[in-house]
Amino acid sequence: MMQEFENLIGYSFKDKTLLLKALSHSSFANEKHSPKDSNERLEFLGDSVLGFITAEYYYKNSTLPEGELTRLRAATVCEKALYEFSKEIELSRFLFLGKGEDLTGGRERPSINSDAFEAIIAAIYLDGGIDEAKRFVLRFVEKHAKNHGSTKDYKTKLQEVIQKNPEEKVEYVLVGESGPDHDKRFEVEVHLNSNIIGKGIGKSKKNAEQEAAREALALMGL
C-alpha cells in the first residue's frame, strides 16, 4: 500500500514512519491512543513549506505587484485547490481514519484531504529536503497557475492585446501624486489613442500602472 502511494507521488521515503504519520488523521491516532502520531504537526509545517514554495514560484515567474502575488498564492494554497491536488494522487484511498470518521464520509471530506496533502509536503521536506519538496509541490502549482490565472503582468497582457492592431497606441499618464514621502500614492491613467481606458492608484508608479492596465483589461472583458 505504501509503495503504491510512493509511486503515485513520485517520491520514495527513507523514513517510512514519516509517511505513515502524514497519512494518519487525528481520529485514527486517538483510536490507537497515540494522539501525537497524527498528522496535525506535519500539517502545520507543510502549510509553511507550501506557502514559501508557492510564493517563490510566483515571485520568480511574474512581475506582478505584491497585492496580485498575494491573491495568486492564496488561490493556489486554499482548501479547494489542495483538495483538487489531493485527488490527483488519490490521497483519500490511503488515509488512515478512525472507524467513526470513515463511516461518516471523512475519506472524501475536503478539509481532511487538504490537511493531509500539506502533511505529505512536510514529510517529504523532512525526509528529502527542500529540493524534493519543491519538485513535488511545483507539479501542482505550475498546472494551477496555467489553468487558473496567468502570471503575466497586466501591462504585458494589455500590450499583447493592443499589438493586434498596430495603429493603436497605449500610453500611461501620471495624473496625481499625494501623501508624505514614506507613504506616497500615485494615480495613473492608461490612454488608448488619447482615450482614457483605465485608472489606477498605487504606492509606486509601477503599481499604479499595473492597476490601470488591470482596469482596462476588465473593461475589455479580459
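Values below: all heavy atoms of this structure, side chains included; hydrogens, waters and symmetry mates excluded.
At least one side-chain heavy atom of Leu20 sits less than 4.5 Å from a side-chain heavy atom of Phe96. The closest side-chain heavy-atom distance from Phe140 to Ile121 is not below 4.5 Å. Contact check for Asn30 versus Ser27: no side-chain heavy atoms found under the 4.5 Å cut-off. With a 4.5 Å cut-off on side-chain heavy atoms, Ile112 and Leu97 count as touching. Inter-residue side-chain proximity for Arg71 and Glu68 is flagged as met; some heavy-atom pair is nearer than 4.5 Å. Residues Val49 and Ile130 meet the side-chain proximity criterion, which asks for heavy atoms closer than 4.5 Å. Residues Val137 and Tyr57 are not in side-chain contact: their nearest non-hydrogen atoms beyond the backbone lie 4.5 Å or more apart. In this structure, the side chains of Phe13 and Met2 stay at 4.5 Å or more apart for every pair of heavy atoms.
At a threshold of 4.0 Å, the pair Glu56-Lys134 counts as salt-bridged, since one of the basic side-chain nitrogens sits closer than that to a carboxylate oxygen.
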Scan the side chains in residues 166-179 for donor-acceptor partners under 3.5 Å anywhere in the protein, sequence neighbours excluded, and list what turns up.
from, atom 1, to, atom 2, distance (Å)
Glu168, OE1, Asn193, ND2, 2.2
Glu177, OE2, Lys184, NZ, 3.4

Output side-chain donor-acceptor pairs under 3.5 Å for residues 212-222, partner residues at least two apart or in another chain, one line each.
from, atom 1, to, atom 2, distance (Å)
Arg214, NE, Glu211, OE1, 3.1
Arg214, NH2, Glu211, OE1, 3.0
Glu215, OE2, Lys199, N, 2.9

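At a cut-off of 3.5 Å, with distance as the only test, a side-chain donor of Glu66 or Thr70 sits close to an acceptor on the other residue.
At least one donor-acceptor pair closer than 3.5 Å links the side chain of Tyr83 to the backbone N or O of Glu108. Within the 3.5 Å criterion, the main-chain N or O of Ser26 finds no donor-acceptor partner in the side chain of Ser38.
More than 12 heavy atoms of other residues, nucleotides or ligands shown are found within 6.0 angstrom of CZ on Arg93. Within a 6.0 Å sphere centred on NZ of Lys16, other residues, nucleotides and ligands contribute more than 12 heavy atoms. For OH of Tyr125, the number of neighbouring non-hydrogen atoms (other residues, nucleotides, ligands) closer than 6.0 Å is 12 at most.
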Exercise. Taking it one step at a time, do Lys157 and Glu160 satisfy salt bridge (charged side-chain N to carboxylate O under 4.0 Å, His left out)?
Worked result: CA-CA 5 Å; Lys157 290 168 73 173; Glu160 289 176 349; over 6 Å; no
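The salt bridge (charged side-chain N to carboxylate O under 4.0 Å, His left out) check on Lys14 picks up Asp127, with sequence neighbours excluded. Contacts of Lys32 classified as salt bridge (charged side-chain N to carboxylate O under 4.0 Å, His left out), with partners at least two apart in sequence or in another chain: none.
The NZ atom of Lys36 sits 11.5 Å away from atom OG of Ser24, with the distance rounded to the nearest 0.5 Å. Rounding to the nearest 0.5 angstrom, the gap separating the NZ atom in Lys205 from the CG atom in Asn207 is 13.0 Å.
Applying the side-chain hydrogen bond (donor to acceptor under 3.5 Å, both in side chains) definition to pairs two or more places apart or across chains, none involves residues 110-120.
Here the closest heavy-atom approach between residue Arg135 and residue Gly10 is recorded as NH2-O, 2.8 Å.
Just one residue in the list Arg109, Glu101, Arg107 forms a side chain to side chain contact (heavy atoms under 4.5 Å, CB included) with His25, and that residue is Glu101.
Here Ile201 sits alone; no ILVMFWY side chain lies under 4.5 Å from its own, so it joins no hydrophobic cluster.
Ring geometry for Phe117 against Phe85 counts as tilted: the plane angle lies between 30° and 60°, on a 0 to 90° scale.
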